[in-house]
Structures are given as C-alpha cells and as structure tokens.
Number of protein chains: 2
Amino acid sequence: MSPETLLPPMAAHVLEHGISGVSLRPLAKAAGTSDRMLIYHFGNRQGAIDALLEYLAKLYETGLDSSLPEQRAKNRRETVRQILDVTSTPQLQPFMRLWWEVVAASATGNETFRRSAAAIMGTLLDWLEAHMPEDDPDPRGGARLLLTLIEGSQLLDAVGRADIAEAGLAALEG
Amino acid sequence: MSPETLLPPMAAHVLEHGISGVSLRPLAKAAGTSDRMLIYHFGNRQGAIDALLEYLAKLYETGLDSSLPEQRAKNRRETVRQILDVTSTPQLQPFMRLWWEVVAASATGNETFRRSAAAIMGTLLDWLEAHMPEDDPDPRGGARLLLTLIEGSQLLDAVGRADIAEAGLAALEG
DNA sequence: CTACAAGTGTAGCACTCGCTACAAACGACT
DNA sequence: AGTCGTTTGTAGCGAGTGCTACACTTGTAG
C-alpha cells in the first residue's frame, strides 16, 4: 500500500481525533495498516504528520475554492459573509478544529505548522483581494482588514462568543 | 503543602510547556512535589488542569488590567493599539501561547476551556467598551468590531503574518 | 532460475502515562 | 499517653508510546 493510498483514511482520522497529539497505532489502524508501516513509509511520526498536514492543506484549499461563490459581493460586509458562510458549514467544522491546532502549534514555533498556516492565510487573502466589491475604494487594504475580521470572527465562534463577532460585523461600515 | 502554594510553580511550568498535554510527573516536579500529591490535592489530572486554568485566567486578567492604559484613545485604531501593544509584550507571550491552546480545546468542545475563554473575551470586551473614543458614534458595536479585529490580529501574528493584520488595521477608518 | 530490492507481519524494548495500594509520619485533641 | 484524621513517600500496575530487529513474502530484472 503506497503512502498516497494511506493518506486519505489517515486524514479522516486526524480530522476526527486531532493531529497534534495523534499516535501511530490508532492512526495506522484507521488506514488499515500497522505503525510499523507508517514508520516505513514516512520515516517517523513527524514525517507522517508533515505529510498529513500537506495533504490536508491541499484538501482544504481545493474544497474552499470550489465552495466559495464566483461573483463579487456588493459590499465588504457581504464579502466577509461569503467566507464565513462557507467555513461555518458543518462539514468544514473538522477542518476548523484542525485549524486551531495548527495555530496553537504555530504559536509555539513549529515551523511545519506555521508554513501551512501562513500558506492558508495567503490563499484566503488572494481570494479576498479578487472578490472585493467592484467599487471598493481600497481593495488591497480592505482585503487585509476583512481577513483580520474573518479570523477574529472564527475565533469568537470557536469559544462560544459568536454573538460578539456578529455585532461587530454589523458595526462595520459599508 | 497546600494547593495554593503549589499553583504558582505549576502555572509557571504550563506557561513554558503548554497545558493541554501536560503530564503529572513533570508538573509535580516543577512544584517540588510528586504526582501522587497532585492527585491527592486535585483529585485527578483534569482537576489539576481546571485549577490551573482558573488560576492562570485570574493571573492574566489582573496582569492585563494593570498593564492597560487608563485614558481613552482618540480614535478606534489607537484603542486597538492599546491592547495589541500590551499583549505583544514579550512577558505576555507565554500567556498568548496558552491562549491558542485554550481556543483549540474550546473548539473541540471542552467546556472548562470554553468557559475560561469566553470569560476572558468578556473581560476584554468590557475594557474596550469603557475605553472607546469619547466621540465614537457607536461605542457598543464599535467595541465588538475592535475585539474581533484584535483577535484576528493576534492570530495572524501567531502564524507569522502580522503584516496582514498591520495593513488591515491601517485600512480601518477612524 | 536466481538475485536483489521493496514491502509486510510479529515480537519486543525501553519508556511514560494516570492512578492506586499500603504504610508511615505528623500534628491536634482527649 | 493514646487516638485519629491529614499528609506524604515508595512501589507498582496496566496500558500506551515511538521505534527497531528479524524474518518472511512478493514482484521484478538479469
């Protein structure tokens, strides 16, 4: 069984059980193989995690790309909504839970996780810049403002204070 | 040795090594005692973590309160700056690393962590509402907008994209 | 057919984990 | 002096950890 065949079921496992503290034996079982084989294919535990992270990031970005609407919104608030509506979807919740693990690991200085996180932020920023309202006076700065707001909203949602982000968004001009 | 005496060195340990995956023996060693005694005082590992979390939240809130400036800023951007300047201080970095662990645990549904996180957001929101610019047209909504921005900025900082938050903040009106 | 590399199963090592059983020391009170 | 509840040390259990040694099969190339 090749690593490529292994990755999808492994990804499903970490999406359900978390990635930062995942251990080899349950991970291998989820992929129908043994810890012995994971080490063989990925070198060591960290290698497996790195491969998983790369695979999941790709999976997330393509999934996001296909879910986000094509047309631009007519104001900034709606542009934010376009992203939040997609990322709050139930089937993306496992990815969001993973996201917080990635952020936490990034904050401790883990370079693999940080690269992954920075790349995802880059992707989102690109999408935002390309989907700012037609008449926006400052698409470049505006996109960065909105990305900051989006991440803050997702955080407040994660800790059960979505109400704050909701009211904050309502107070955004335009 | 009472639990109250134990908590400060234990808190120092988790501030350095993380709290979500902390194990009893190193934690006990940091406090000059044994795993045996931690179980005795806190019942079990979760009890120790809960007590630590409560202690650390209090510590953080009082530290923040004393570090934040008294007087109001003259515009929203400066209000945000007041908080970001404090939380980006080197000596608060361990608390920020802990914060991401708390958020990640909250996202997985851990109620202890979520309560703690929600309380901290409440404290911050209260401070913001009380420190909005004098002439702000919508202090209530504005404070919520700024809290969302602040959390987003901290996240982007954690993943090494502080540049995005910086530019986003610059694009904020007022 | 043979030789060799890639892949895989079994067993196990040395370690850490949370937690407990048991017993001893200790101080306060009668 | 004796009794009793609180606190502490020692030892260890059963489970899980990452990883390795060794033997074996399998597919492929000469």
* To do: Give, ordered by number, those residues of residues 3-21 of chain B having at least one heavy-atom distance below 4.0 Å to an atom of DNA chain D; if nothing qualifies, reply none.
  =>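 Going residue by residue through residues 3-21 of chain B, none turns out to have a heavy atom under 4.0 Å of DNA chain D.
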Sub-3.5 Å donor-acceptor pair from the side chain of [X] to the main-chain atoms of [Y], do we have one?
X	Y	result
A:R144	B:I164	no
A:H41	A:S2	no
A:T123	A:A119	yes

* Where do B:L24 and B:L38 come nearest, in terms of heavy atoms and distance? ->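 Where B:L24 meets B:L38 most closely, the heavy atoms are O-CD1, 3.7 Å.
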* Residue pair A:A143 / A:E129: nearest heavy atoms and the distance that separates them ->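 Where A:A143 meets A:E129 most closely, the heavy atoms are CB-CG, 3.5 Å.
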* Heavy-atom contact window of chain B on DNA chain D, given 5' to 3' at under 4.0 Å ->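 Extent of the interface on DNA chain D: D:dT6 to D:dG12.
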* Counting heavy atoms not belonging to A:E173, are there more than 12 under 6.0 Å from its CD? ->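 Enclosed.
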Which residue pairs pass the salt bridge (Lys or Arg N to Asp or Glu O under 4.0 Å) test when at least one of the two sits in [range], sequence neighbours left out?
range	result
residues 51-67 of chain A	none
residues 24-36 of chain B	B:R25-B:D35
residues 101-117 of chain B	none
residues 78-89 of chain B	B:K74-B:E78, B:R81-B:D85, B:R81-B:E166

* Which residues satisfy the salt bridge (charged side-chain N to carboxylate O under 4.0 Å, His left out) test with B:D136, sequence neighbours excluded? ->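 Partners of B:D136 under the salt bridge (charged side-chain N to carboxylate O under 4.0 Å, His left out) test: B:R76.
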Pick out the pairs of N or O atoms, protein on one side and nucleotides 24-29 of chain C on the other, that lie under 3.5 Å.
none

* side-chain hydrogen bond (donor to acceptor under 3.5 Å, both in side chains) partners of B:W100, counting only residues at least two apart ->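 Counting only residues at least two positions away or on another chain, B:W100 forms no side-chain hydrogen bond (donor to acceptor under 3.5 Å, both in side chains).
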* To do: Could you pull out all residues at least two apart from B:D163 that satisfy side-chain hydrogen bond (donor to acceptor under 3.5 Å, both in side chains)?
  =>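 By the side-chain hydrogen bond (donor to acceptor under 3.5 Å, both in side chains) rule, B:D163 matches B:R161.
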* Please list, by residue number, the residues of residues 27-53 of chain A whose heavy atoms come closer than 4.0 Å to an atom of DNA chain C; answer none if no residue qualifies. =>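 Of all residues in residues 27-53 of chain A, the ones placing a heavy atom under 4.0 Å from DNA chain C are A:R36, A:M37, A:Y40, A:H41.
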* For the helix from C:dC1-D:dG30 to C:dT30-D:dA1, figure out the bend between the end axes, five pairs an end, and round to 10 degrees. =>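 End axes: 10° apart.
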